[in-house]
Trainee: 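Below is the structure I would like to discuss, written out as structure tokens.
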Amino acid sequence: MSKIQTPQAIRGTQDIFGPEQEAFGFVVDTFERVRRLYNFKRAEMPVFEPTAVFARSLGETTDVVSKEMYSFDDRSGDSLTLRPEFTAGIVRAYLTNGWQQHAPLKLTTHGPLFRYERPQKGRYRQFHQIDAEILGAGEPAADVELLVMADQLFKELGIDDGVTLHLNTLGDPESRAAWRTALVAHFEKHRGGLSEDSQTRLDVNPLRILDSKDPRDRPIVGEAPVIDDSLTDEARTFFDAVTAGLDAAGVAWTRNARLVRGFDYYRHTAFEFITDRLGAQGTVLGGGRYDGLVEALGGPHTPSVGWAAGIERLAMLVGERDAPSIDVAVVPLGEAAEQAANGIIANLRRGGIATDMAYRGNMKKRMKKANDAGARFAVILGEDELANGKAAVKDLSTGEQRDVALGDIVDAVR
RNA sequence: GCGGUCGUAGCUCAGUUGGUUAGAGCGCCGGUUUGUGGUACCGGAGGUCGGGGGUUCGAAACCCCUCGUCCGCCCCA
């Protein structure tokens, strides 16, 4: 008989618990609080969609679509895909549910995403993001609002000093096309000096050469034309409005003329919040304006902006956190006291006081558990106290202890 | 997908040129204290040495394969 082999977790997945989960939860809770301050609604979408949702939106040739998606045929033969990003599914929901009537629609969501990649720290096959989108708004004010919200999120997470907002514009289609043409001409002239990767990029996605890390590419990139020379007046006006809005809101940013987008549908504003504390996984929040996406999914022209941030990466910057302490631990002695304690803990909890009681153990163990849980008070209920209709309330920080009538316990520990 | 690193207790790590029953700290459990936590002291449990195969009288250590981790590239949050 062979030994039973415990199944292992799938590569690139994580079980999050304890101090790491506290950090993870802190990120999500903070995001939920901040998005309400900005009057963003919350939406839930399925974790899988028809494969076409992502293939069309991301572009068939991108790495994400061509080799990183978890795609499979379901039992009826339909090709489904575990979402590798949020935006495409949100746009699909926007179109299929008629959310256009709410435009401009400010939406947030968060949850798991899936990409078949080589795992590293801060990079997983199932990972989690928070996401914010504004659909149906072509005004630069929408870009500004999203960026100010992101900035406030970093501040409230306490990690703003390690993170920098990098900002660029990709222009409108006309600007972008002109810039692209100029870039291709420049890089073609120096093709032989480019790295092998960048020579491939030149044929597939020339903008991507700009953020190449290869030292051979740096001098050629340094002389490459910048978007500013190709911007139409409208595109320039738009970008100026965004930067002026950020300045007015007191949000620090730096221009990064080499910041481009991997996905095809981005226009105008592109941005990333970058840290130098996570190695190669420096981008902790990224996004931009994707005015062309809704049309790519068969909808009407719907200018939109959005961003997403990796919860794991944010949680790593936040650092491990302790679980919140409870207020009261009830320590009963004997069966009669254990029964009576049920009423006491119910009253405490109904009164909004975080309370716990161990299922078993002698007094010493229960006191230790009370201490470990960070309880401010122990409510000790023994035979003597019970007979008098009282309980001993002990302040665990000072060690002081006094008898309190059972009906007064909630007030005594408040 | 490419190149590299590292896998020993729940965690962080020792482990001599290959040589008996594989160690420490922290954590966990118990005791000193049969109605009182934090400190201290004492004791205990806990290990397929990632897995499989090979070399050898003998492997945690050497070789091969494999799985996983971490780092860089690609790409991206």
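So that the names make sense, note that chain A is the first sequence line, chain B the second, and so on, each numbered from 1.
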Trainee: So which nucleotide from B:C29, B:G35, B:G68 ends up closest to the side chain of A:D384?
Mentor: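 From the listed options, B:G35 comes nearest.
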Trainee: Considering only atom C1', compute the distance from B:U56 to B:G44 and round it to an integer number of Å.
Mentor: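 The answer is 38 Å between these two C1' atoms.
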Trainee: A:E312 near the nucleic acid: base, sugar-phosphate alone, or nothing, with a heavy-atom cut-off under 4.0 Å?
Mentor: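 Nothing, no heavy atom under 4.0 Å.
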Trainee: What I want to check is whether an N or O donor and acceptor connect the side chain of A:Q120 with the base of B:U69 at under 3.5 Å.
Mentor: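 No such pair is found, so the answer is no.
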Trainee: In a check of salt bridge (charged side-chain N to carboxylate O under 4.0 Å, His left out) between A:R123 and each of A:E68, A:E117, A:E312, which one passes?
Mentor: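 Between A:R123 and the candidates, salt bridge (charged side-chain N to carboxylate O under 4.0 Å, His left out) is satisfied uniquely by A:E117.
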Trainee: Checking all strands, does A:S397 fall into the base, sugar-phosphate, or nothing category for heavy-atom contacts under 4.0 angstrom?
Mentor: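 Since a base atom lies under 4.0 Å of A:S397, the category is base.
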Trainee: When you get a sec, tell me which of B:C29, B:C74, B:C70 is the closest nucleotide to the side chain of A:R118?
Mentor: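 The answer is B:C70, which lies nearest to the side chain.
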Trainee: For the side chain of A:E117, starting at C-beta, report the closest nucleotide among B:G37, B:C73, B:A77.
Mentor: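 The nucleotide sitting nearest to the side chain is B:A77.
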Trainee: Taking any heavy-atom pair under 4.0 Å as a contact, classify A:N362: base, sugar-phosphate, or nothing.
Mentor: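 No contact at all - A:N362 keeps every heavy atom at 4.0 Å or more from the nucleic acid.
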Trainee: Any heavy-atom pair between the side chains of A:H102 and A:K41 that's under 4.5 Å?
Mentor: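 No, their side chains stay 4.5 Å or more apart.
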Trainee: So A:E383, base contact, sugar-phosphate only, or nothing? Heavy-atom distance under 4.0 Å.
Mentor: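 Base, at least one base heavy atom under 4.0 Å.
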Trainee: Tell me the interatomic distance from A:L259, atom CG, to B:C76, atom P, rounded to whole angstroms.
Mentor: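 In whole Å, B:C76 P lies 12 Å from A:L259 CG.
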Trainee: For A:K121 and B:U5, what is the distance between atoms NZ and C1' respectively, to the nearest whole Å?
Mentor: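 After rounding, the gap between these two atoms is 15 Å.
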Trainee: I'd like to know if A:R123 reaches the base of B:C75 with its side chain such that a donor and an acceptor end up less than 3.5 angstrom apart.
Mentor: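 Pair found.
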Trainee: Rounded to whole Å, how long is the line connecting atom CD of A:Q8 with atom P of B:U69?
Mentor: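 In whole Å, B:U69 P lies 10 Å from A:Q8 CD.
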Trainee: Find the distance A:M69:CE to B:G1:P and express it as a whole number of Å.
Mentor: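 That distance rounds to 17 Å.
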Trainee: Please name the nucleotide paired to B:G46 by Watson-Crick or G-U wobble geometry with both distances under 3.5 Å, or report none.
Mentor: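 Pairing partner, where one exists within any strand: none, as none qualifies.
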Trainee: May I ask you to verify whether the side chain of A:K394 and the base of B:G37 hold a donor-acceptor pair under 3.5 Å?
Mentor: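 Checked by distance alone, the answer is yes.
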Trainee: Both distances under 3.5 Å, Watson-Crick or G-U wobble: report the partner of B:C26, or none.
Mentor: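 Here B:C26 is engaged in a pair, and the nucleotide opposite it is B:G10.
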Trainee: Taking the minimum atom-to-atom distance to the side chain of A:R261, which one of B:G72, B:C70, B:A77 wins?
Mentor: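 In terms of side-chain proximity for A:R261, the closest of B:G72, B:C70, B:A77 is B:A77.
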Trainee: Hey, does the side-chain of A:N371 have a donor or acceptor N/O within less than 3.5 Å of a partner on the base of B:G37?
Mentor: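 Such a pair exists between side chain and base.
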Trainee: Now, which nucleotide makes the Watson-Crick or G-U wobble pair with B:C62, with each of the two distances under 3.5 Å?
Mentor: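 Matched B:C62 with B:G54 under the 3.5 Å cut-off.
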Trainee: Please evaluate the base of B:G35 for a donor-acceptor partner in the side chain of A:E385 within a cut-off of under 3.5 Å?
Mentor: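 Answer yes: a donor N or O sits under 3.5 Å from an acceptor.
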Trainee: Taking a pair as Watson-Crick or G-U wobble with both distances under 3.5 Å, which nucleotide is matched to B:G1?
Mentor: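 The answer is B:C73, by the H-bond criterion.
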Trainee: Which is true for A:G334 with a 4.0 Å heavy-atom rule: it touches a base, it touches only sugar-phosphate, or it touches nothing?
Mentor: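 The answer is nothing, as A:G334 stays clear of every strand by at least 4.0 Å.
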Trainee: Just how far, in rounded Å, is P of B:C75 from CG of A:L210?
Mentor: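 Going from A:L210 (CG) to B:C75 (P), I get 12 Å.
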Trainee: Would you indicate what A:K67 reaches in the nucleic acid, counting non-hydrogen atoms under 4.0 angstrom: base, sugar-phosphate, or nothing?
Mentor: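 Since no nucleic acid heavy atom lies under 4.0 Å of A:K67, the category is nothing.
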Trainee: Would you find more than 12 non-hydrogen atoms of other residues, nucleotides or ligands less than 6.0 Å from A:E295 atom CD?
Mentor: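 More than 12 within 6.0 Å, yes.
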Trainee: Using only modelled atom types and a 3.5 angstrom limit, is any donor from either the side chain of A:R366 or the base of B:G35 paired with an acceptor on the other?
Mentor: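 Under the 3.5 Å cut-off, the side chain and the base do not form any donor-acceptor pair.
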Trainee: Go through B:C74, B:G1, B:A77 for me and flag the one nearest to the A:F127 side chain.
Mentor: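 My answer, after comparing the listed nucleotides, is B:A77.
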Trainee: Which one, B:U36, B:C75, B:A77, comes nearest to the side chain of A:E68?
Mentor: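 Nearest listed nucleotide: B:C75.
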Trainee: How is A:F17 classified with respect to the nucleic acid when contacts are heavy atoms under 4.0 Å: base, sugar-phosphate, or nothing?
Mentor: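 It contacts nothing in the nucleic acid.
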Trainee: Mind checking the C1' distance from B:A45 to B:A9? Whole angstroms is fine.
Mentor: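 11 Å, rounded to whole Å.
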Trainee: Separation of A:L314 atom CG from B:A77 atom C1', in whole Å?
Mentor: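 The answer, rounded to whole Å, is 8 Å.
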Trainee: Kindly point out which of B:U36, B:G37, B:U69 is positioned nearest to the side chain of A:K368?
Mentor: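 Nearest to the side chain of A:K368 among the choices is B:G37.
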Trainee: Provide, to the nearest angstrom, the distance between the CZ atom belonging to A:R216 and the C1' atom belonging to B:C74.
Mentor: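 Interatomic distance, CZ of A:R216 to C1' of B:C74: 14 Å.
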